[in-house]
Amino acid sequence: MAVVVASVLAAGALAPAASARPVSAPVSAPVPASESRERAVPPLTDDRGRALTLRGWNVEDKANRGEAALTAITERHFRDLRANGFNFARLLVFWDDLEPTRGQYSERYLRRVERILDWARKHRIHVLIDAHQDVFGPAFGRRGIPAWATRTDGLPFTPNPDDWFSEYFQPAVQRAFTHLYEDPDLQRAQAAMWQVLAARFRDHPAVIGYDLINEPMGELREGEDLPTAARRIEAQHLTPMYNRLARAVRAKDRDTWLFVEPTPIVGEGVPIGLGRIEDRRTVYAPHFYNTAMEAGADYDPSAGWIEAYEAAVTAYPARHRMPVVVGEWGPLNNALPNMGRFYREAVDSLNRYSSGWAGYVWCYGGGYCAVDEQGRFRTNKERTATPYAPAVAGTVRSEAYDADTRSYRLAYRAAARPGVTELSLPPSPRGWRVSVTGPGVVVGGSGKPSRGGWPTVLAWPGAEVVVTVREAGPHGRTDHP
């Protein structure tokens, strides 16, 4: 073990920041039919081949635009994310701010994005750059796709501030999506926008991926129900769009992961129609929202929504051998009677099949905000902060967190070459104890209980290792077996 530790240290594996750059996914053996669907979904990996887990929150500034764009995002966001055990931020950027006039890109906006990425790097947060749109863009009073790229053919639009999502079904909005997908000049403009972002940020160590468009929608045809329309839009519009954008990005950036989303209708637990994305570094990035809960209803455990969503959301990435990272999730009314159970069951489900997730949204206040003005978790949202392994140097056999016993267990087979497995322990007044079964050693976080932090595990190459994290009792003992 001393030799392993020495060789890992000599290789610089304990450097302050690990590169977020991926490696090509290894060719995997076929998964037997008897294996679970989740086992067929490959992990996200870094440039060392380690299996990554991303856990964090969306970071946004929807209120400010133009000269004030992105000014609501501060270094505090990333410092607090890291302090609470998170390693991931999905950063919302808006095409209408980047290119307010066609062909003229805002250098001020790019510099502000870069400043945010520098804060993320300082606090070791992976960042996904998300090309965000809500109800298409400013032509409809929202943010996203510029007004100059919005074509409605004169169809009507009636705002509905009491139900903003219903605005996606306004004729003008739906026609604008059709033109974005089908008009050659808008296709070129969207690709050029992504090339500007990719050329600027391809070498930034905080950037792990590009989310090519947030919650894409489209135009319903007469007689179509919503699931049928969503599958058609995904097959006929989103799949070719993602392949166009992938080619455009790869002309500037060969390495960074590309994140692709279905329509948000997947949140109802229905199958999707996306086809193959011809890029080996693509991540499937659905959102996890329920219509009834978004409208203010409490979680109904008997409805089977989480189970239906999990079945629907894993079929596509298993078939196409793509990692999964859920880009948004979390209800507005987080303090309703069943929301504690929802958070527990949702986190358990997400962790079964995904390489990570970003809750919505890391801000300081009410509504969807994760924390209040003082930075304290709002009701039930503290359930997102649990021990996990941000990077595993080997093949994960099993991984689970037990909320009842406040214990976490990771079993893995160490890689053939020496490597570092990282752990994240959220703040705990009682502290955590970390132990290793098998030929491995904990660097930091063992022995005296740790009140939170980022210990690492070094294991003998090829060894079978079990890492156990338990919350300590009030006097430093471990309360749970």
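The analysis underlying the following values was restricted to heavy atoms, covering all of them including side chains, and did not include hydrogens, waters or symmetry mates.
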(message) Between His123 and Glu75, do the side chains contain a donor N or O and an acceptor N or O under 3.5 Å apart?
(response) yes
(request) Flag the pair Asp61 and Arg112 as a salt bridge only when some basic side-chain nitrogen lies within less than 4.0 angstrom of an acidic carboxylate oxygen. (result) no
(request) Could you tell me whether Arg151 and Asp183 make a salt bridge, using a distance below 4.0 angstrom between a side-chain N and a carboxylate O? (result) yes
(request) Quick one: list whatever passes salt bridge (charged side-chain N to carboxylate O under 4.0 Å, His left out) with Arg175, sequence neighbours left out. (result) Asp153, Glu219
(request) Go through the side-chain N and O atoms of Tyr289 and Glu328 and say whether any donor and acceptor fall under 3.5 Å apart. (result) yes
(request) Give a yes-or-no answer on whether the side chains of Glu268 and Thr291 include a donor-acceptor pair shorter than 3.5 Å. (result) yes
(request) Kindly write out the residues that satisfy ring pair (Phe, Tyr, Trp, His ring centres under 6.0 Å) with Phe169, not counting sequence neighbours, or none if the list is empty. (result) none
(message) Taking ring pair (Phe, Tyr, Trp, His ring centres under 6.0 Å) as the definition, give me every residue that meets it alongside Trp95, ordered by chain and number, with sequence neighbours left out.
(response) Trp148
(message) For Arg397 and Glu464: C-alpha separation, side-chain torsions, deciding distance, then whether salt bridge (Lys or Arg N to Asp or Glu O under 4.0 Å) applies.
(response) CA-CA 9 Å; Arg397 303 295 199 192; Glu464 298 288 342; 2.8 Å; yes
(message) On the six-membered ring of Phe88, is Arg55 placed so that its NZ or CZ lies under 6.0 angstrom from the centre and within 45° of the ring axis?
(response) no
(message) Distance to the ring centre below 6.0 angstrom and angle to the axis at most 45 degrees; does that hold for Arg76 and Tyr364?
(response) yes
(request) Rounded to the nearest 0.5 Å, what's the gap from CG on Asp96 to CG on Leu98? Could you check? (result) 9.5 Å
(request) Classify the ring geometry between Tyr388 and Trp454 as parallel (under 30°), tilted (30 to 60°) or perpendicular (over 60°). (result) perpendicular
(message) Parallel, tilted or perpendicular, judged at 30° and 60°: which one describes the rings of Trp119 and Phe78?
(response) tilted
(message) Is it true that Glu182 and His237 share a donor-acceptor pair across their side chains at a distance under 3.5 Å?
(response) yes
(request) Verify whether one side chain among Thr239 and Glu234 offers a donor that lies under 3.5 Å from an acceptor in the other. (result) no
(message) Pair Arg121, Glu114 - check salt bridge (Lys or Arg N to Asp or Glu O under 4.0 Å), show working.
(response) CA-CA 10 Å; Arg121 178 188 185 186; Glu114 189 166 20; over 6 Å; no
(message) Between Tyr360 and Trp329, is the ring centroid distance below 6.0 Å?
(response) no
(message) Using ring centroids (six-membered ring only for Trp), state whether Phe177 and Phe136 fall under 6.0 Å.
(response) yes
(request) Taking the side chain as every heavy atom from C-beta outward, state whether Arg231 and Pro227 have any pair of such atoms under 4.5 Å apart. (result) yes
(request) Run the salt-bridge test on Arg90 and Glu261 with the 4.0 Å N-O cut-off and return the result as yes or no. (result) yes
(request) Please lay out, stage by stage, how Gln236 and Tyr181 fare under the test side chain to side chain donor-acceptor pair (under 3.5 Å). (result) CA-CA 9 Å; Gln236 298 181 12; Tyr181 301 144; over 6 Å; no
(request) On the 0 to 90° scale, with breaks at 30° and 60°, tag the Phe288-Phe342 ring pair as parallel, tilted or perpendicular. (result) tilted
(message) Side chains of Lys62 and Arg142, heavy atoms from C-beta outward: is any pair under 4.5 Å?
(response) no
(message) Any side-chain to backbone donor/acceptor pair from Ser354 onto Asn351? Under 3.5 Å, distance only.
(response) no
(request) Scan side-chain atoms only and decide if Glu99 and Tyr109 contain a donor-acceptor pair under the 3.5 Å cut-off. (result) no
(message) Can you confirm whether Leu91 sits close enough to Leu128 that some side-chain heavy atom of one is under 4.5 Å from a side-chain heavy atom of the other?
(response) no
